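Each ligand, and each atom within it, is numbered from 1 in the order the structure gives. What you see is a predicted model; the values in this text were computed from it and never measured.
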Amino acid sequence: MYNIELLSAEVDIKKYLDEYVDIEEFLESCKECSNYGKKWCCPPYDFNVLEYWKKFSSIYIIGEKISFNQEERQNEYEKEEKIMFDILDKEKRKLTEQLYILEKQYEGSVSLSAGSCSLCGSGMMESQKCTRVSCSSSTARESCNHFDKMRYSIESLGGNVGKTCSKLFGIDLEWIEENKLPTYFVLVCGLLKK
Ligand code: SF4
């Protein structure tokens, strides 16, 4: 049904900050996203993002390229879209669990999620909504339902995921365009090491 290719790279944090991170530009574009200010994993934050990066010495980046076969891509768009997002969700959960294991192996490390937090569910139902939606203070991250498990993503900290994929993995991100699904998706996550 689909193939998985795992790619990885480790980059010194100073080099990654210099070449792949633009906090001002990317956090500004986060304002266009429906998750902005509505999830604890997303900006605006109550901490200095640059100082957060600088607490670590390197970033280990994992790219999971998920390619769908031709037969699958001939299904109706809506059916295919649902299948793809179910697969992406499943693969993201697997990566998350693997990263928690890596965190235990590397003292002081913190993982970076593939996209925004979905630990409470898809957000379609009231019970699945992030608690930040109903929290009056934007600085009370302890109100997160899974405070110990929630992780930021590379992009939510100003990282350029597109450039990361093209320069480090040699693949360009593809997007859904005009009801046409891409031939592959790439889940990008990582581990910040001390
Ligand atoms: S775990 Fe739930 S409450 Fe916490 S950031 Fe994720 S969606 Fe929001």
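The nearest N, O or S atom of C41 is not closer to atom 8 (Fe) of ligand 1 than 2.8 Å.
With a 6.0 Å radius and a threshold of 12 heavy atoms from other residues, nucleotides or ligands, K194 has its NZ atom above the threshold.
Residue C144 approaches ligand 1 through these ligand atoms, each under 4.0 Å from one of its heavy atoms: 1 (S), 3 (S), 4 (Fe), 5 (S). Residue L119 approaches ligand 1 through these ligand atoms, each under 4.0 Å from one of its heavy atoms: 1 (S). Of all atoms in ligand 1, listed by their number and element, those nearer than 4.0 Å to a heavy atom of C117 are 1 (S), 5 (S), 6 (Fe), 7 (S). Those atoms of ligand 1 that come under 4.0 Å of a heavy atom in T131, given as number and element, are 3 (S). Against a heavy-atom cut-off of under 4.0 Å, W40 is close to the following atoms of ligand 1: 3 (S), 4 (Fe), 5 (S), 8 (Fe).
The pair K94-E91 counts as a salt bridge, with a side-chain nitrogen and a carboxylate oxygen less than 4.0 angstrom apart. Checked for salt-bridge contact, K90 and D86 miss the test: no charged N lies under 4.0 Å from a carboxylate O.
Using a 30° and 60° split on the angle between ring planes, F47 and Y52 fall in the tilted class, from 30° to 60°.
Checked by atom type and distance alone, the side chain of R151 never pairs as donor or acceptor with a backbone atom of L99 at under 3.5 Å.
Between S156 and P43, some side-chain heavy-atom pair lies under the 4.5 Å cut-off.
Under a 4.0 Å heavy-atom criterion, M150 is in contact with ligand 1.
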